[in-house]
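Contents: one structure, followed by commentary.
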Amino acid sequence: KAAQFAEQWGWHLYLVGGAVRDLLLSETGSLLIKDIDLVVDGFHQAADVGAGVKLATALQEFYPAARLDIHGAFQTAALLWHEDPEFDSLGIDIATARTEFYPYPAANPEVEASSIRQDLYRRDFTINAMALRLTAATTPPLLDFFGGVGDLQTQQIRVLHPNSFIEDPTRIFRGVRFAIRLGFHLETQTTDYIRYAINSGVYDRTAQANPKTPALQTRLKTELKYLLQAPYWRSALELLSDLGALQCIHSTLKLEPELVRQLQLLERCLQRFDVTHSQHQPQLIHWQLRLETIIAAIAPQFRQPVAKNLQLPEDVIERLANLDRSQTQILSSLPTFDRISQVVQLLKQFDLSMLILIAVRCRNRNIRRQIWRYLTVWAHIQPPLTGNDLRRLGYKPGPQYRQILDNLLAATLDGVVIDRDTAEAFIK
Ligand code: CTP
């Protein structure tokens, strides 16, 4: 339908980006695509800048179930079908062919109408810079100006021009993501361009809050999320570290053996925790905890600014800001306790993610075990009597209930109370 509309108005319509790459990679020539990127271009001259928006608006009228979002500044429009839980969501982005010029490096691209070739040239990697013509299909309908098909065959991630990473440092993370996900390698010169961009200080613009480039931090966070939630996150992190790209998070950040140890411990913890406690506990956001562990490896005074910069949620920012204080408190108090109730009394002040972070950072096995025991067992123990039982036993409802139940819980944790009889005897 989109192609029909485009033809009617004298435009060409192209499928571009990841969908073309994935179609060419798929062995059967068919696959389920959830994100479709379309580009509109004029036949003999550049289409007018509003073409993509006009096409998306017409499509939305034709498919009223889709939601239409228009991004005015970039002259792009998105159609989203996702309301029906029976179906997977489907998103279609429609843009007008454009070239992006960057007013200064790492800024948001500005837009002007241009032809499809230039549109493809502004993209990140050759394998993402091919287009499949959907209107008035010529043979062959595939436009591959930069050798994308060849790079798919030789399995390499190759950038289109030397400045690509300077213009958009998040492409370093994208390159790593595609390389690991597809089992490809980064082409040698592309690796040189990445190193050049990093050596020339491109990370300053990503790692430091810059009111001129707020979208850059958002994109960096999105890329980090993609990488850290993927099953291949370890290899991705190693490759980023080899390239020196972790500096984009903070200039001092390195994948030291200690951080690797913590991340391994975190994995074990997350796996065991999900198996044993998935129903009772708030869901742990795995990628975010990995990122928190990574950020926690930076000196304490930089953690909060880095988390803010990446626009992480408030609770994460606060956790990272309080981490050192909480860790010191727990590490110094736990060894002095000889009763479980004391451990519970202390640890219940902290949220689950904080305790997991502290446990993985802690080198003392006994302390780690106590935190783990608290999280999996002690935190869930209840006293054998409830408020109703107290009423039945003749206690008058009131604030003393809380006190009695707290004392009862402590006695249960410490093994003094073991059942209802010992509980009743205890409160008398
Ligand atoms: N793109 C780019 N530079 C970026 C982000 C995106 O050049 N920093 C271009 C690429 O051509 C990419 C297209 O925009 O193919 C769409 O971006 P996106 O949907 O993020 O990536 P996909 O290639 O579709 O990857 P994925 O399969 O992971 O969705």
Side-chain angles (χ1 to χ4, degrees), residues 14-26 31-39 52 71 74-80 88-102 105-111 114 116-132 142-149 151-152 157-184 190 193-194 197 202 205-206 213 215-233 236 245 248 287:
Y14 299 93
L15 177 67
V16 295
V20 179
R21 174 199 69 220
D22 292 343
L23 266 176
L24 291 171
L25 278 175
S26 80
L31 78 163
L32 181 66
I33 299 174
K34 290 192 194 163
D35 292 312
I36 294 179
D37 288 310
L38 299 176
V39 167
H71 313 291
F74 297 109
Q75 290 297 341
T76 59
L79 287 167
L80 195 65
D88 277 331
S89 65
L90 168 70
I92 301 186
D93 279 335
I94 307 181
T96 310
R98 61 188 179 163
T99 178
E100 283 171 8
F101 59 91
Y102 291 77
N108 263 335
E110 293 187 3
V111 180
S114 172
I116 184 69
R117 190 182 192 283
Q118 280 168 293
D119 184 285
L120 295 171
Y121 186 61
R122 79 186 165 82
R123 287 166 188 271
D124 50 5
F125 304 107
T126 58
I127 59 166
N128 290 340
M130 294 178 278
L132 203 59
L142 181 74
L143 305 188
D144 176 20
F145 300 109
F146 314 107
V149 171
D151 287 339
L152 282 179
I157 306 295
R158 186 159 60 91
V159 84
L160 291 176
H161 53 86
N163 271 340
S164 192
F165 299 113
I166 306 246
E167 287 166 354
D168 182 353
T170 57
R171 286 179 171 168
I172 302 171
F173 290 72
R174 287 175 64 84
V176 166
R177 173 154 67 88
F178 291 121
I180 307 275
R181 184 171 98 193
L182 301 173
F184 284 19
T190 300
Y193 293 146
I194 292 179
V202 77
R205 287 186 293 273
T206 45
T213 59
L216 187 62
Q217 270 83 32
T218 317
R219 293 208 302 275
L220 179 61
K221 175 186 159 184
T222 308
E223 281 307 324
L224 283 170
K225 178 178 171 185
Y226 280 147
L227 282 178
L228 292 174
Q229 72 187 5
Y232 50 75
W233 64 268
C248 292
W287 75 267

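Counting starts at 1 for both ligands and their atoms, in listed order. Any value given below was found using the heavy atoms of this structure, including those in side chains, with hydrogens, waters and symmetry copies removed.
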Should [X] and [Y] count as side-chain neighbours, where that means a heavy-atom distance under 4.5 Å?
{"X": "Leu142", "Y": "Val20", "answer": "yes"}
{"X": "Leu23", "Y": "Leu15", "answer": "yes"}
{"X": "Phe178", "Y": "Asp124", "answer": "yes"}
{"X": "Tyr232", "Y": "Arg177", "answer": "yes"}

Checklist line | Residue that, paired with Arg158, satisfies side-chain hydrogen bond (donor to acceptor under 3.5 Å, both in side chains) out of Thr190, Asp151, Thr126 | finding: Asp151
Taking heavy atoms and a distance under 4.0 Å, where does [X] meet ligand 1: side chain, backbone, both or neither?
{"X": "Arg219", "result": "neither"}
{"X": "Arg181", "result": "side chain"}
{"X": "Asp37", "result": "side chain"}
{"X": "Phe178", "result": "side chain"}
{"X": "Asp124", "result": "both"}

Next item on the list: Check whether any N or O atom of Arg123, backbone or side chain, sits under 3.5 Å from an N or O atom of ligand 1, and answer yes or no.
Entry: yes
Contacting atoms of ligand 1, where contact means under 4.0 angstrom from a heavy atom of [X]:
{"X": "Asp168", "answer": "4 (C), 8 (N)"}
{"X": "Gly18", "answer": "15 (O), 22 (P), 23 (O), 24 (O)"}
{"X": "Gly17", "answer": "15 (O)"}

Next item on the list: Examine distances only and state if a side-chain atom of Thr170 and a backbone atom of Leu220 form a donor-acceptor pair shorter than 3.5 Å.
Entry: no
Notebook entry, point to check: For Glu167, does its backbone N or O pair with a side-chain atom of Asn163 as donor and acceptor, under 3.5 Å?
Noted result: no
Notebook entry, point to check: For atom 20 (O) of ligand 1, which candidate among Lys34, Glu223, Arg174 holds the nearest heavy atom?
Noted result: Arg174
Margin query: Strictly below 4.0 Å, N to O, side chains only: are Asp168 and Arg174 in salt-bridge contact?
Written below: no
Check: Which residue holds the protein heavy atom closest to atom 27 (O) of ligand 1, what is that atom called, and what is the gap in Å?
Finding: Arg21 NH2, 2.7 Å
Check: Among protein heavy atoms, which lies nearest atom 3 (N) of ligand 1, and at what distance?
Finding: Arg171 NE, 3.1 Å
Notebook entry, point to check: Aromatic rings Phe146 and Tyr121: how do their planes relate, parallel, tilted or perpendicular, breaks at 30° and 60°?
Noted result: tilted
Note to self: With the threshold set strictly below 4.0 angstrom, can you tell me whether any protein non-hydrogen atom sits that near atom 29 (O) of ligand 1?
What the structure shows: no
